[in-house]
Amino acid sequence: MAINLRRSEAVIREKRLKSVVGYQGTVKDLANKAQSGCLKNAQRGFSQAINCSSGCAQGHLSTILDAAIVNHAPIGCAADVAGANSGFKWGQNIRNWEKRNVKIINTNMTEGATVFGGGKLLREGIREAYRRFSPKAIFVTTSCASGIIGDDVESILREEEEDLGIPVVPVFCEGFRSQIWATGFDAAFHALLTRIVKPPEKKRPELVNVINFTASAREYVKEIFGELGLVPQFGIPYSTIDQISRMSEAGATISICGTLGGYFGNGLEQKFGVPYVTALQPHGISGIDNWLRNLGKVLGKEKEVEEYLAEQKIITQPELDEIKSKLKGKRVVVGMGPSFSHNYIRLLEDFGMEVVWGLAWHFDSKHDHGGLPHCTMELTKKERDIPISVSDQQNHEVLNLLNKIRPDIYIGRHPGLSVWATKMGIPTIMISDEYSAFGYKGTIDFGYRIIDALTNNSLARNLSKRIKLPYTDWWFEQQPFEFLEDEELKKNAASS
Amino acid sequence: MPQVVEQIRHVCTLGAFESVLAIKRAVPIMHAGPGCGAKLWTTLGMQNGCQGSGYVGGHAIPCTNASEQEVVFGGTDRLREVISNTFNVIDGDLFVVMTGCTSDIVGDDVGEVTRKFKKQGKPIVYVETGGFKGSNLQGHELLIDAIIDQYLEPTKEVETGLVNIWSVVPYQNTFWSGDIEQLKALVSSVGLKPNVIFGPDGGVDALNKVPRAQFNLLVSPWVGLKNVKSLKEKFDTPYLHYPALPIGPTETTKFLRTVAEFAGISSAVVEEVIQKQEERYYYYLERAADNILETRLLPRRFVTIADSLYALGISRFLTNDLGLIPEKQFITDSTPIEYQNLVSAEFENFTDNIVAETVFSNDGGFVEDELRKIKFRSRPLILGSAWDRVVAKELKAYQLSVATPMSDHMVLSKSYVGYDGGLHLTEDVYSVVLDDFQ
């Protein structure tokens, strides 16, 4: 099913991609169910605080350099902005830029607005954003409160847009609409695709849109692409509205993360004919090989890619051998968003480690190009069927599982869970940079990072001896998926 | 002045869940949308002195993660299920159900659900904290009132010398746990028995002792005034309201004398404590004075952009003890209108007839505009949040973060409260100056 760009609102992942947040089983079973269309989301009888799509939407859009955001919500809905601002400063710092703050205004909805409507506040927010920031575009993110009381956001924005003469674009991301926070990325990209990106004035076949977050490794990517005769254009963060509006001119789009970039990449392909390169993520050796080969195929650079890869293999072989000899047989649990999780499982197995459990914070039965995510498909080709589960960071489930499995190391992404593995005394690595383990150099660096984490575990060991986890003994005696209302699981339990 | 807010420095009512987490073995149960918790703990915790999840914070907090289903059909069934399983799964001594916008707008009867568990003997209370109701500082007051109303039991026994200390709003006031430790030490130093509810020395046991106190001590310009009045009404416990957070020798000495007088402690006892502490303070300050005075680098004028609690405490110290002059003082905690005159009056009460103008606004963009209008004749000192680093640089000001969000510092047990706290603040201010040119 194509992405619907005629609507003002992105269709949520649960409906569009048959995405789930509750599953336990194996990777082959998951892939089978996803491909046959019978993967069902399992609810939980107990749940803990997760994230919502609004954070992903306004976090990502707030990094556009000359845009402003109006968050139409009570003040607490802008509480993620302090985090976005720290991230924004990190990105400015690695670029040696003079630092400034993100440009976000919250409409500060109070009791009166919930009774009489928030239209007046919304107009005031848009006007203030225009006055304070002189932006090239204003994005308006919605909230549970504005959604439930039914403010007519679209009409108000249309009127303001006419007056101000810049795009004033709705980004529908009410938290309660979707249990999958990554839906917020889709909401952000939907706004860009429908209202910001323009038809190409000229084509630039050497230009590749690279969809990522902070782009810490941009010099390295430039170097690799340079060898292939290509030029990367990083986005969306740290781009201008003008740069984004011309992303239709590129020869191709590729993403560092399938969960992040799929909507935008496929949307650009669908609307402007810019091919979206579907591939494994460039993490680990097989990942970067596949990522570059598929890029080369799309842009006719196969020969250059093979030459580059052959050279890299020779350079990195000795260090890769050393890493493998040190990591062989180490038991690891992975916990990340679905694309990172299923890509990192592969790369860790390539290191000779044993992935004893793979957690993904949600799972998309298909990506917007129509097929099962590549990284998941790739894992099904392995002889060993890796045990996995899908959980929106449900802490009770993960900790119960970790307590039973007791891996040599836990490798996570997305803040908020790695610390709990540490509290259990398990050596832990948190991947916060999307370019960690990127390419040959990154893969080698990451291998040594794991070795370091296994070398000194004093922090986790000491902490775990002195703190108590917030769970009852009863809970740790239960099976990890006790609260997962999975019919099949219940049937198996009854028959065993 | 527009109602909209840029660069937020406090969050919504639901943010009071952090106050629950600040009570050892107390557990918040959120009946709210999926992202509320994670957003709120970003500003109040992770980006505010690196305050993390602790015992049962972060993703460990039980939450209904209200979806379309709960919004359309009501969320009480889901809430009942989550509460019921929380009692099996989470090891805690007090449970507090807190609502978000979704529940409060659709009108879930959370009281009804909670009371049924309470009837079964469970230690549980509820408080409606839908984000549109106000600030987390008001949420903190609502929470304490809910605990007073629904949980604390009256007692006939009054323990002489026992003093409940109410002051900082946990997590919102970044140095809260260190502040409480220091307030406790000060109260203890004059022979009283401090009872602290929040932080490493507090907990549900301390909470249970609240009705037995000889008096309640509130150290805050306005937050908590409702609560000490509720305690007076329900348990007939008198209270002492001391608006300024005691930082440095002048205010701390005044604080100790006021507390002692209220408690009926002889002045001989208090004066001995004061003399010893002041001697220690001035031992250090005498050694620092060469640098402070002779390098001519100490800023002359300062601006605070902070909660009324820290703005008042810090401006008193910098003015009354360090010899600086207050420019505009921006109060960012959404002080309710009925308290604004009370708070302003406190800023008209400095040494040498010095008076500071207060401006109430929680909108960082507005504050920036106001800062640009001030004619500074030398490099000023701006004490605000990490947001203010950018404008401080533009204005060539020295900047020290003391208010939410403090994403640029790690704060563990540090506090500016008391005699020692005054020394720490002096260290930090002067270190900013030294760091600036090296």
Side-chain angles (χ1 to χ4, degrees), chain A residues 45-55 73-83 85-86 99-101 104-111 113-114 121 124-125 128 132 143-145 148-149 175-177 179 181 392-396 415-417 419-420 467-468 470-472 474-475 483, chain B residues 2-8 10-12 14-15 27 30 33-40 42-44 46-48 52-53 55-56 58-68 70-71 81-82 85-86 88-92 100-102 105-106 131-135 365 387 389-390 405 407:
Chain A
F46 175 66
S47 55
Q48 289 160 300
I50 58 169
N51 293 75
C52 71
S53 54
S54 141
I75 194 167
C77 295
D80 55 322
V81 176
N85 201 45
S86 283
K99 290 185 200 76
R100 64 165 184 79
N101 293 318
I104 303 188
I105 281 184
N106 169 274
T107 60
N108 195 14
M109 289 174 80
T110 47
E111 196 119 33
T114 65
L121 284 176
E124 187 181 288
E128 277 299 307
R132 292 181 192 188
S143 63
C144 293
I148 299 174
I149 65 172
F176 66 86
R177 299 260 191 228
Q179 293 294 102
W181 53 81
D392 45 358
Q393 284 216 335
Q394 289 304 313
N395 191 280
H396 65 287
L417 229 155
V419 62
W420 293 93
I467 59 119
K468 188 198 169 300
Y471 295 102
T472 58
W474 176 86
W475 172 241
F483 288 115
Chain B
Q3 185 176 325
V4 301
V5 180
E6 183 191 340
Q7 304 173 2
I8 70 166
H10 65 73
V11 301
C12 68
L14 178 58
V27 182
M30 283 188 191
C36 299
K39 281 179 175 245
L40 299 173
T42 301
T43 286
L44 294 177
M46 299 301 282
Q47 300 296 333
N48 192 25
S53 48
Y55 177 62
V56 66
H59 290 297
I61 299 170
C63 179
T64 54
N65 297 324
S67 67
E68 195 114 29
E70 284 74 35
V71 168
E81 186 181 31
V82 169
N85 285 322
T86 296
N88 293 325
V89 176
I90 303 288
D91 183 16
C101 293
T102 51
I105 297 177
V106 304
F132 56 84
K133 293 207 160 100
S135 72
W387 286 117
R389 292 176 71 103
V390 173
S407 55

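Predicted, not measured: the structure shown is a model, and the values here were computed from it. Each chain gets a letter, A, B and so on, in the order the sequences are listed, and its residues count up from 1.
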Given that the side chain runs from C-beta out, which part of [X] has a heavy atom under 4.5 Å from chain B: side chain, backbone, both or neither?
{"X": "A:W181", "result": "neither"}
{"X": "A:T114", "result": "side chain"}
{"X": "A:I148", "result": "side chain"}
{"X": "A:N85", "result": "side chain"}
{"X": "A:R132", "result": "side chain"}
{"X": "A:V81", "result": "both"}

Taking every non-hydrogen pair under 4.5 Å, which of [options] racks up the most with chain A?
{"options": "B:V11, B:N48, B:L14", "value": "B:V11"}
{"options": "B:L44, B:I61, B:V56", "value": "B:I61"}
{"options": "B:V390, B:V27, B:N65", "value": "B:N65"}
{"options": "B:G100, B:S407, B:P62", "value": "B:P62"}
{"options": "B:P405, B:G33, B:A66", "value": "B:A66"}
{"options": "B:Q47, B:Q7, B:H59, B:E6", "value": "B:H59"}

Count the heavy-atom pairs under 4.5 Å between each of [options] and chain B, then report the option with the highest count.
{"options": "A:G76, A:P470, A:C144, A:P74", "result": "A:P470"}
{"options": "A:R177, A:E128, A:E124", "result": "A:E124"}
{"options": "A:K99, A:Q179, A:M109", "result": "A:Q179"}
{"options": "A:G125, A:S86, A:A73", "result": "A:S86"}

Note, [X] side chain near [Y] side chain (heavy atom, < 4.5 Å):
{"X": "B:D91", "Y": "A:T472", "answer": "yes"}
{"X": "A:W475", "Y": "B:N88", "answer": "no"}
{"X": "B:C63", "Y": "A:I50", "answer": "no"}

Quiz item: Between CD of B:E81 and OG of A:S47, what distance do you get to the nearest 0.5 Å?
Solution: 8.0 Å
Quiz prompt | CG on A:D80 to CG on B:L40, rounded to 0.5 Å | solution = 9.5 Å
Quiz item: Between B:K39 (side chain) and A:A79 (backbone), is there a donor-acceptor pair under 3.5 Å?
Solution: no
Exercise. Using atom types as modelled and distance alone, determine if a side-chain donor or acceptor of B:Q3 lies under 3.5 Å from a backbone N or O of A:N108.
Key: yes
Please classify the contact of [X] with chain A as side chain, backbone, both or neither, using a heavy-atom distance under 4.5 Å.
{"X": "B:T64", "result": "backbone"}
{"X": "B:V89", "result": "both"}
{"X": "B:T86", "result": "both"}

Exercise. Could you tell me whether B:K133 and A:E111 have a side-chain N and a carboxylate O separated by less than 4.0 Å?
Key: no
Quiz prompt | Over all atoms of both residues, closest heavy-atom pair of A:V419 and B:S53 | solution = CG1-OG, 4.2 Å
Quiz item: Which pair of heavy atoms, one from A:W420 and one from B:Y55, lies closest together, and at what distance?
Solution: CH2-O, 3.3 Å
